[in-house]
There are 2 protein chains.
Amino acid sequence: MAYRETEKMRQRKAQARQRIIDCTYECVANGGFRSARITRIAGLAGVATGTIYRHFESREDLFAEIFRTATQREVDKVAEALTTDGDAAVRLEAALRQFAERAMRGPMMAWALIAEPVDPKLEEERLVYRRAYAELFEKAIRDGIEEGCIPDQDARQSSTCLVGAIAESLVGPLSPTLAGQITIADIDKNKLVDSIIRFCMQGLTGTRR
Amino acid sequence: MAYRETEKMRQRKAQARQRIIDCTYECVANGGFRSARITRIAGLAGVATGTIYRHFESREDLFAEIFRTATQREVDKVAEALTTDGDAAVRLEAALRQFAERAMRGPMMAWALIAEPVDPKLEEERLVYRRAYAELFEKAIRDGIEEGCIPDQDARQSSTCLVGAIAESLVGPLSPTLAGQITIADIDKNKLVDSIIRFCMQGLTGTRR
DNA sequence: ATAAGCAGTGAATCATTATTCATTTCTTGT
DNA sequence: ACAAGAAATGAATAATGATTCACTGCTTAT
């Protein structure tokens, strides 16, 4: 035996893997999953197409990993927003705002995660992702019910409605035919986010403000 | 000139075309667009694959037509529900209920129309379709604002939220991996529809009931 | 009956990309 | 320096289904 995997090699491989991930992320953030061809990713990462398959089982697998990573990043941000000061209703509002605003800041990636037509395997990941958001919201709603700042309701159902209302409201503005071509003014973005949130908070609290 | 298209022939062609449409509809209602292969549709309709192309430009075109037909049927039903007696809020509630209940009655078709990943051209049709719903709701909301039974708000934005909240709430229960395998009891369906609608109506009116 | 022209046919073609794998290049321990 | 293995390569392959088109067979008007 002459060759034995060494630390240096392990690192080099890890780097290549990371480079592939980064380049895939970039491709997706640029044109969605559909347009992210293996050859293009390989080219960007400076490896041969075959090399991709030494690091990932398949294209779907690679995409699933990107999806999870990107998702986790977003979900974490929303979770973080839920830790701000204030009662549960205030925290929820902050979280909803975080969700919507981040989506508008990276529209193509948001579209890819929320609405782009994808293969069944990725679609499953997407359901997990939407569930993750819904669960965060659900928890906050329950807290609010306990605190008394949100009236009693089916927290799970309401959280699902929240995710749907936001996602639907964003799909139009995020659609890649529009995004990039039309630049949505910041003031419009704010108005959009505000009105989404008003609807959502009313839906939750049954209270106008 | 010896052959001239006659009424009989025109009808026969129209029949073939209709048969193709019907069979495509059936395929889609059974397994969504993705699984509706041209060969299968042709087989069901009792024509050769080539014949499909004498009636439709392409698969996408055929699908677009099915999509529009199926959509129109649904939108009409919702529009009809909006003509019932009562104030705008009551009418809206009836419409939302119609939307949700019909979706649960034909889950696979509903999924195909609402959530199935489809090609870009169909995706465009889908946006039109969602817009159509949103516009109906929007009109009703404006009516409600005038009547005074719904508080002043961005009707367009609210209508979008309504569509999103309902669609999202249904996606889980409609998902084809579940639908057909798990049979949702009628009582659960009713509960689901009720809680979706409660959220939506609160979101609109800012009033608990 | 016949010829002209259209409708129907379905096997063969095409297009698109992900994936493979025989070959080459690089690493390592002796 | 060398042999043993591992990693990288990328041209060739595979798989999938939509679409085509040269041909067959009806319909029609005379």
Side-chain angles (χ1 to χ4, degrees), chain A residues 1-21 23-24 27-28 31-67 116-123, chain B residues 1-21 23-24 27-28 31-67 116-123:
Chain A
M1 44 56 184
Y3 179 92
R4 187 53 53 85
E5 185 181 66
T6 181
E7 186 52 32
K8 176 181 146 201
M9 264 293 118
R10 228 189 314 280
Q11 286 199 345
R12 190 186 292 182
K13 279 202 282 177
Q15 274 177 0
R17 189 189 153 91
Q18 193 55 48
R19 213 164 52 244
I20 291 168
I21 289 178
C23 293
T24 307
C27 279
V28 173
F33 287 101
R34 188 191 177 79
S35 80
R37 319 254 168 248
I38 288 290
T39 47
R40 181 160 167 61
I41 293 167
L44 282 177
V47 297
T49 58
T51 305
I52 305 263
Y53 291 87
R54 304 200 129 264
H55 292 279
F56 299 91
E57 195 70 28
S58 67
R59 187 174 110 117
E60 270 197 327
D61 260 49
L62 169 57
F63 282 0
E65 175 140 351
I66 301 305
F67 202 102
E116 183 184 5
V118 293
D119 285 2
K121 190 166 181 180
L122 268 197
E123 189 66 28
Chain B
M1 41 63 182
Y3 178 93
R4 187 53 53 87
E5 185 180 67
T6 181
E7 186 53 32
K8 177 181 146 200
M9 265 293 118
R10 229 189 314 280
Q11 286 198 346
R12 191 186 291 182
K13 278 202 283 178
Q15 274 178 1
R17 190 189 151 90
Q18 193 55 48
R19 215 163 50 245
I20 291 168
I21 289 177
C23 293
T24 306
C27 278
V28 173
F33 288 100
R34 187 192 178 81
S35 80
R37 317 256 167 246
I38 289 289
T39 49
R40 181 162 167 61
I41 293 167
L44 282 176
V47 297
T49 58
T51 304
I52 304 265
Y53 290 87
R54 299 196 139 269
H55 292 277
F56 299 91
E57 195 70 30
S58 67
R59 187 174 110 116
E60 270 196 329
D61 260 48
L62 168 58
F63 282 0
E65 175 140 353
I66 301 306
F67 202 103
E116 183 183 5
V118 293
D119 284 2
K121 190 167 182 180
L122 269 196
E123 189 65 28

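The sequence lines fix the lettering, A, B, ..., with proteins before strands; numbering per chain opens at 1. A quick note: this is a predicted structure, and the numbers were derived from the prediction, not measured. Side-chain atoms are counted along with the backbone in the values below, which use heavy atoms only and exclude waters and symmetry mates.
Closest to the side chain of A:Tyr53, out of D:dA18, C:dT20, C:dT28, is C:dT20. In this structure, the nucleotide among D:dC26, D:dA8, D:dA18 sitting nearest to the side chain of A:His55 is D:dA8. Here C:dT19 is the nucleotide among D:dT19, D:dA8, C:dT19 with the atom lying nearest to any side-chain atom of A:Ser58. The nucleotide whose nearest atom lies closest to any side-chain atom of B:Thr6 is, among C:dT28, C:dT19, D:dT28, D:dT28. The side chain of B:Ala48 lies closest to C:dG10, out of C:dG10, D:dT28, C:dT19. Of the candidates C:dA7, D:dA8, D:dA7, the closest approach to any side-chain atom of B:Glu5 belongs to C:dA7. In the set D:dT19, C:dG10, C:dT27, the nucleotide with an atom closest to the side chain of B:Arg59 is D:dT19.
Between B:Asp61 and B:Tyr53, every side-chain heavy-atom pair lies at or beyond the 4.5 Å cut-off. A:Arg12 has its side chain within reach of A:Met9: a pair of non-hydrogen atoms, C-beta onward, lies under 4.5 Å apart. The shortest distance between side-chain heavy atoms of B:Arg34 and A:Asp119 falls below 4.5 Å. Contact of the B:Thr24 side chain with the B:Ile52 side chain is not registered, since no non-hydrogen atoms from C-beta on lie closer than 4.5 Å. Using a 4.5 Å heavy-atom threshold, the side chains of A:Ile38 and A:Phe56 count as separate.
The phosphate of D:dT27 (OP1 or OP2) has no side-chain N or O of B:Lys8 nearer than 4.0 angstrom. Taking side-chain N and O atoms only, A:Arg37 has a distance below 4.0 Å to OP1 or OP2 of C:dT17.
Between A:Val47 and B:Met9, the residue whose closest nucleotide on DNA chain D is further toward the 5' end is A:Val47. Two residues, B:Arg34 and A:Gly46, neighbour DNA chain D, and the one matched to the more 5' nucleotide by heavy-atom proximity is A:Gly46.
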Per-residue pairing states of DNA chain C in dot-bracket (Watson-Crick or G-U under 3.5 Å; . unpaired, | other strand) read ||||||||||||||||||||||||||||||
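Computed from coordinates, the B:Ile52 CD1 to C:dA7 C1' distance equals 14 Å when rounded to whole Å. Summarising the geometry, the separation between CD1 on B:Ile38 and P on C:dT13 is reported as 21 Å, rounded to the nearest angstrom.
Residue B:Thr49 is in base contact, counting any heavy-atom pair closer than 4.0 Å across all strands shown. Within the 4.0 angstrom heavy-atom criterion, base atoms lie near B:Arg54.
Tested against B:Glu65, the residues B:Lys121, B:Arg17, B:Arg59 include a single salt bridge (Lys or Arg N to Asp or Glu O under 4.0 Å) partner, B:Arg17.
Surrounding CZ of B:Arg19 are more than 12 heavy atoms belonging to other residues, nucleotides or ligands, all under 6.0 Å away.
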